[in-house]
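Working notes for the structure below.
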Amino acid sequence: MGSVEGERTASGFAARDPSGFLSPYTYQLRETGPEDVHIRVICCGLCHTDVHNIKNELGMSNYPMVPGHEVVGEVVEVGKNVTRFRVKDVVGVGCIVGSCKSCERCETDREQYCNNRIWTNNDVYSDGRPTQGGFATAMVVDQKFVVKVPDGMAPEQASALLCAGVTVYSPLNHFGLKKSGLRGAILGLGGVGHMGVKIAKALGHHVTVISSSNKKREEALDHLGADDYLVSSDDARMKEAVDSLDYIIDTVPAHHPLEPYLSLLKLDGKLIMLGVINNPLQFVSPMVILGRKTITGSFIGSMKETQEILEFFKEKELSSMVEVVKMDYVNKAIERLEKNDVRYRFVVDVEGSKF
C-alpha cells in the first residue's frame, strides 16, 4: 500500500486575511484512513473562485486558507480499502472532497449537489479539520473524490479539466447537448469559456463566441477554432443571429442583461448559467414563454463526469491553453487573473516550486 509514516506535514501557500495575499504555511495532514489516498501534489490550477475565497468576496472565508481545487498529483499511499488506485498513479482532485454518500444525489452520481458536500478548501471535514487545497505539497483525499489521469496526459493539461473543463461538459451531458450538428454559443471567453469552445467543437457543434468587444476575435476564430464571433453591442449582427442557437453557455461572472441572449435561442433553446453572480438578473417573461425557452444553471460536475472529460480530451487529442507558473509568482498571477490577463488558465507548478 505504500507508506509515508512520519511525513504528515504539508507545506503550502495560504491567505491569512481578506487581502488574499498568499505566503508560506505549514500544517498537518490527517492520517491516511481506510478509504483515503495520500497524494504528492504536482500542479494545481488557479480559478476565479480561488480569488473570491481568499478575498472573502462571498463573505464566508475561513483563515488561514490554502486555495486550489484543480489538483494533479502522484499517489504515495493508499488506505486498506482503496481498490481504484495504486501507488505511483497520477490522479486528480477537483472542487469537492466529501459528501454524505447516502442521499439520492450521491447514490445517482450527482454528489456535487449533495447538501452535505465538502469543498476542497475553505470547508471542514467531518472530523472537524479544515480542508486545505492544492497550493501545497500534499493532500489526503477520500478515494470517491479522486479521478485517474489518463496515461500520457500532461499534468498541467489535466489540471484545467478538473473544474473549468467539467463545468462546461456537465450541462452539455445532462441536457442532451452532445449530439453533433447543434448550434451553440459560448458567452464570455475566459478559462471556462475557452474550454466550452474546445469541447463543443469536438462534439461537432457550430460554435459562436459572444463577447463584449472585438478584442478576442482573432483568438476565438483562429486559435480556438470557433465558427463565428458576435460582439454583443453590435445590434445589426445580434439581430441577424436571432432564433439561431440551440443553447448558450453563459460563463460571465458579473451582472449582465439576459434578454439580448434569450432572443438568439431557437424554440426550446437553453440559456445555461455557469457564472456566480450575487445581484439579481432580470428578463421579461414573454422572452421565455413565446419560445418555450429555458434559463437554467449547472454546477461543476460529478466525479463520473470528471473522469469522462479527462478521457474525452485524451481520445480527441485536445489540449487546454494554460500558462504554467511557479509558486513564487502566484500573487502576481492572482493580480493578472483579476484583470483577465491570462490565456486562459494559470497552472501552478507545485512540484517545481520552493516552499
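The chain is numbered in sequence order, starting from 1.
Although no hydrogens or angles enter the test, the distance criterion places no donor-acceptor pair under 3.5 Å between the side chain of Asp349 and the main chain of Lys326. No donor-acceptor pair closer than 3.5 Å links the side chain of Tyr63 to the backbone N or O of Ala14. A distance-only check finds no donor-acceptor pair linking the side chain of Ser302 to the backbone of Arg110 [under 3.5 Å]. Side-chain atoms of Thr251 come within 3.5 Å of backbone N or O of Gly188 as a donor-acceptor pair. A donor-acceptor pair is defined here as one N or O able to donate and one able to accept, closer than 3.5 Å; no such pair exists between the side chain of Thr32 and the backbone of Gly79. One N or O on the side chain of Gln132 and one on the backbone of Pro64 form a donor-acceptor pair closer than 3.5 Å. In this structure a side-chain-to-backbone donor-acceptor pair under 3.5 Å is missing from Asn279 to His255. Here the side chain of Asp127 pairs a donor or acceptor atom with the backbone of Arg129 at under 3.5 angstrom. With hydrogens and angles ignored, the 3.5 Å screen pairs a side-chain donor or acceptor of Glu259 with a backbone N or O of Val284. Panel note: side chain Thr120, backbone Ile96; a donor-acceptor pair is recorded below 3.5 Å.
The nearest pair of heavy atoms linking Gly20 to Ile334 is O-CD1, 4.4 Å. Listed here is the closest heavy atom pair of Arg345 and Gly191: NH1-CA, 3.9 Å. A pairwise comparison of heavy atoms in Asn121 and Gly133 identifies CB-N, 3.5 Å as the closest pair. Closest approach of Phe312 to Ala202, counting heavy atoms only: CZ-CB, 3.6 Å. The two residues Ser170 and Gln112 make their nearest non-hydrogen contact at OG-NE2, 4.2 Å. Among all heavy-atom pairs drawn from Phe13 and Lys354, the shortest one is CE1-O, 4.4 Å.
Rounding to the nearest 0.5 angstrom, the gap separating the CG atom in Asp234 from the CD atom in Glu240 is 8.0 Å. Cys163 contributes atom SG, which lies 3.5 Å from atom NE2 of His69 (distance to the nearest 0.5 angstrom). Interatomic distance, Phe145 CZ to Met139 CE, rounded to the nearest 0.5 Å: 12.5 Å. Taken to the nearest 0.5 Å, the CD1 atom of Ile289 stands 13.0 Å off from the CZ atom of Arg292. Atom OG of Ser298 is separated from atom CD1 of Ile249 by 8.0 Å, given to the nearest 0.5 angstrom. Taking CD1 from Ile295 and CG from Asp250, the interatomic distance works out to 10.0 Å, rounded to the nearest 0.5 Å.
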Exercise for the section: Evaluate side-chain contact (heavy atoms from CB on, under 4.5 Å) for Met273 paired with Leu281, printing each intermediate quantity in order. Expected result: CA-CA 11 Å; Met273 310 289 294; Leu281 300 176; 3.4 Å; yes
Practice task
Start with the C-alpha gap between Arg105 and Glu111, add the side-chain angles, then the distance that decides, and say whether side-chain contact (heavy atoms from CB on, under 4.5 Å) holds.
Solution key: CA-CA 5 Å; Arg105 299 174 186 187; Glu111 61 281 327; over 6 Å; no
Exercise for the section: Verify salt bridge (Lys or Arg N to Asp or Glu O under 4.0 Å) between Lys148 and Glu311, making sure each step is shown before the conclusion. Expected result: CA-CA 9 Å; Lys148 179 75 169 65; Glu311 300 295 344; over 6 Å; no
Exercise for the section: Assess whether salt bridge (Lys or Arg N to Asp or Glu O under 4.0 Å) is satisfied between Lys101 and Glu107, documenting all intermediate values. Expected result: CA-CA 7 Å; Lys101 297 185 181 179; Glu107 291 179 344; over 6 Å; no
Exercise for the section: Just do the salt bridge (Lys or Arg N to Asp or Glu O under 4.0 Å) check on Glu77 and Arg8 with the steps written out, would you? Expected result: CA-CA 12 Å; Glu77 182 183 42; Arg8 303 293 174 182; 3.3 Å; yes
Problem - salt bridge (Lys or Arg N to Asp or Glu O under 4.0 Å) evaluation trace for Asp246 with Lys270 - result: CA-CA 7 Å; Asp246 295 294; Lys270 292 177 173 59; over 6 Å; no
Handout entry: Test side-chain contact (heavy atoms from CB on, under 4.5 Å) applied to Asp142 and Ile118, step by step
Key = CA-CA 11 Å; Asp142 185 314; Ile118 301 173; over 6 Å; no
Problem - Verdict with supporting geometry, Met65 and Ile54, side-chain contact (heavy atoms from CB on, under 4.5 Å) - result: CA-CA 7 Å; Met65 181 199 307; Ile54 61 176; 4.0 Å; yes
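Checked for salt-bridge contact, Lys304 and Glu308 meet the test: a charged N lies under 4.0 Å from a carboxylate O.
Linking ILVMFWY residues whenever their side-chain heavy atoms come closer than 4.5 Å, directly or via other members, places Leu274 and Leu182 in the same cluster. A chain of hydrophobic side-chain contacts below 4.5 Å, direct or via other Ile, Leu, Val, Met, Phe, Trp or Tyr residues, connects Val197 to Met321. The same ILVMFWY cluster, assembled from side-chain heavy atoms under 4.5 Å apart, contains both Leu29 and Phe85. Linking Ile, Leu, Val, Met, Phe, Trp and Tyr whenever their side-chain heavy atoms come within less than 4.5 Å puts Val41 and Val330 in one cluster. Cluster membership for Val72 and Val324, using ILVMFWY side-chain heavy atoms within less than 4.5 angstrom, is not shared.
Listed by chain and number, the residues in a side chain to side chain donor-acceptor pair (under 3.5 Å) with Gln28 are Thr9 (sequence neighbours excluded). Annotation: side chain to side chain donor-acceptor pair (under 3.5 Å) contacts of Ser23 (sequence neighbours excluded): Arg16.
Heavy atoms of other residues, nucleotides or ligands lying less than 6.0 angstrom from NZ of Lys215 number 12 at most. Within 6.0 Å of CG in Asp151 there are 12 or fewer heavy atoms belonging to other residues, nucleotides or ligands. Within 6.0 Å of CZ in Arg84 there are more than 12 heavy atoms belonging to other residues, nucleotides or ligands. Within a 6.0 Å sphere centred on NZ of Lys266, other residues, nucleotides and ligands contribute more than 12 heavy atoms.
In the model, Tyr344 has no side-chain atom that pairs as donor or acceptor with a side-chain atom of Glu323 under 3.5 Å.
The closest side-chain heavy-atom distance from Met195 to Leu161 is below 4.5 Å. Between Ser232 and Tyr261 the shortest side-chain heavy-atom distance falls below 4.5 Å. Looking at heavy atoms from C-beta onward, Ile272 lies out of side-chain contact with Leu172 at the 4.5 angstrom threshold. Side-chain atoms of Asp227 and Thr208, non-hydrogen and from C-beta on, never get closer than 4.5 Å to each other. Using a 4.5 Å heavy-atom threshold, the side chains of Pro67 and Leu22 count as touching. Val91 is listed as a side-chain neighbour of Ile39, based on a closest heavy-atom distance under 4.5 Å. In this structure the side chain of Tyr25 never reaches within 4.5 angstrom of the side chain of Ser11, judged on heavy atoms. Looking at Lys216 and His223, their side chains never come closer than 4.5 Å, going by heavy atoms from C-beta outward.
Under the ring-ring contact (aromatic ring centres under 6.0 Å, His included) rule, Tyr247 has a single partner from His206, His174, His205, which is His205.
Under the 6.0 Å cut-off for aromatic ring centres, Phe299 and Trp119 qualify, their centroids lying closer than that.
Taking the ring axis of Phe346 as reference, the NZ or CZ atom of Arg336 does not stay both within 45° of it and closer than 6.0 Å to the ring centre.
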